[in-house]
Asks: 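Let me begin by handing over the structure; questions about it come next.
As the structure is a prediction and not an experimental result, all values here were calculated from the model. Throughout, protein chains are lettered first and strands after them, A, B, ... in sequence-line order, and every chain is numbered starting at 1. Only this structure's heavy atoms are used, side chains among them; waters, hydrogens and symmetry mates stay out.
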Number of protein chains: 2
Amino acid sequence: MFIELDLQSDTPLYTQLADQLTEGIASGELKPGDPLPSIRRLAEDLGINLHTVNKAYNLLKQEGLLQVHRKTGVIVQPDGMPGVTEAFEAKLRRQLRSLAAAAAVRGMAEEVFAQESKSVYRDIITNRGGE
Amino acid sequence: MFIELDLQSDTPLYTQLADQLTEGIASGELKPGDPLPSIRRLAEDLGINLHTVNKAYNLLKQEGLLQVHRKTGVIVQPDGMPGVTEAFEAKLRRQLRSLAAAAAVRGMAEEVFAQESKSVYRDIITNRGGE
DNA sequence: TGTTTGTTATATTACATATATAACATATAT
DNA sequence: ATATATGTTATATATGTAATATAACAAACA
């Protein structure tokens, strides 16, 4: 799986990494049970620090997307992905709210905003680059 | 206009403030030309520092949502709101992408995600509380 | 003249990000 | 047993952001 980090971005490296791994799982490129590179290995490949990768892995572990086994290494959650919890719904709505307000104030219509959402979602599932 | 800040949130205060002002404009509660409280006044009312309010106002000024006149004070952009620029589209897509991936990986269907987006958008426009 | 406005400057505190080393405990392979 | 590679934990450091606290400035208005 190809991962690209933008050092200039205002999004933290560990967040970028976690996001891209999440996309990989969502698209099916990474399947349940698939092994991920070791912390040190991935850090080496990406040219970043061990702890930054560790932070991203742990974030996804907290969310239930990864399992981290001592010595066995890190694998994609094989026992079923987490569902849409109340907490997740609330968080999603909160973040969507910020985006929707910015879109609405610029005159982007409701249907266009919804269509953008649908389009972006599909883009991830069909494993396209993004544009 | 009622503004509520969550000191426990991981979202910075100036971001929360800018978001809520944006929602106010999007919903029509704040109309073009409407005056906003002075920096010091709002800071006092919210119980936060002058510079935090200033940062929020300047952010919205940069985005073209506010006009800041010396002594006249701060008003909602009267000369037409900014449109949907390429840059905004790109930024919106980037942020939606992260949300869509998190939703998809938890099994939220494309239509449900789009419906959530539409629902949240409508919530803002119709000026409801949020839940 | 005095007050209020946004603006700018400095300083301080706290926290997050990212890095650099180092060491530890454990499971696997040799 | 020995070596190796794994995730984990602990320090330390540098940098940047967020938020606060004062203070002063220039300009507009009553």
Asks: Quickly work out the A/L17 CG to C/dT17 P distance and round it to whole Å.
Replies: 14 Å
Asks: Is there a donor-acceptor pair closer than 3.5 Å between any side-chain N or O of B/T22 and the backbone N or O of B/A18?
Replies: yes
Asks: Sort out the partner of C/dA29 for me: Watson-Crick or G-U wobble, both distances under 3.5 Å, none otherwise.
Replies: D/dT2
Asks: Between D/dG7, D/dA19, C/dG6, which one does the side chain of B/L13 approach most closely?
Replies: D/dA19
Asks: So what does A/H69 touch, heavy atoms closer than 4.0 Å: a base, only the sugar-phosphate, or nothing?
Replies: sugar-phosphate
Asks: Assign B/Y14 to base, sugar-phosphate, or nothing according to its heavy-atom contacts below 4.0 angstrom with the strands shown.
Replies: sugar-phosphate
Asks: Looking at A/H51 and D/dT9, is any side-chain donor or acceptor paired with a base atom of the opposite kind under 3.5 Å?
Replies: yes
Asks: Contact between B/N58 and B/L66 at the side-chain level, heavy atoms closer than 4.5 Å - yes or no?
Replies: no
Asks: Nearest 0.5 Å, what's the CZ-CD distance between A/F113 and A/Q115?
Replies: 12.0 Å
Asks: Expressed in angstrom and rounded to an integer, what is the separation of B/N58 atom CG from D/dA18 atom P?
Replies: 14 Å
Asks: So does B/R40 reach the base of C/dT7 with its side chain, donor to acceptor, closer than 3.5 Å?
Replies: yes
Asks: Separation of B/Q67 atom CD from C/dT5 atom P, in whole Å?
Replies: 18 Å
Asks: Using atom CG of A/L59 as one end and atom P of C/dA18 as the other, report the distance to the nearest whole Å.
Replies: 12 Å
Asks: Using a cut-off of less than 4.0 Å, is there contact between a side-chain N or O of B/N54 and OP1 or OP2 of C/dG6?
Replies: no
Asks: Is there a path of hydrophobic side-chain contacts, each under 4.5 Å between heavy atoms of I, L, V, M, F, W or Y residues, that connects A/L30 with A/L65?
Replies: yes
Asks: May I ask you to verify if any side-chain N or O of B/K55 is less than 4.0 angstrom from the OP1 or OP2 atom of C/dT7?
Replies: no
Asks: Let me confirm one number: the CG-CG distance from A/L13 to A/L7, rounded to the nearest 0.5 Å.
Replies: 6.0 Å
Asks: Would you mind reading off the distance between A/L5 atom CG and C/dT19 atom C1', rounded to a whole angstrom?
Replies: 15 Å
Asks: Counting only side-chain N and O atoms of A/T52, is one of them less than 4.0 Å from OP1 or OP2 of C/dT19?
Replies: yes
Asks: Partner of D/dT20 by Watson-Crick or G-U wobble geometry, both contacts under 3.5 Å, or none?
Replies: C/dA11
Asks: Would you indicate, yes or no, if C/dT5 has its OP1 or OP2 atom less than 4.0 angstrom from a side-chain nitrogen or oxygen of B/S38?
Replies: yes
Asks: In whole Å, I'd like the distance from the CD1 atom of B/I48 to the C1' atom of D/dA21.
Replies: 14 Å
Asks: Would you kindly compare B/I39 and A/G47 by the position of their nearest DNA chain C nucleotide and give the one closer to the 5′ end?
Replies: B/I39
Asks: Figure out the CZ/C1' separation between B/R41 and C/dG6, and round it to whole Å.
Replies: 17 Å
Asks: Which comes earlier along DNA chain C counting from the 5' end, the contact point of A/R70 or that of A/N49, where each point is its nearest nucleotide?
Replies: A/N49
Asks: Separation of B/L7 atom CG from D/dA18 atom C1', in whole Å?
Replies: 13 Å
Asks: Considering the options B/V53, B/L60, B/L36, which one meets the side chain to side chain contact (heavy atoms under 4.5 Å, CB included) requirement together with B/V74?
Replies: B/L36
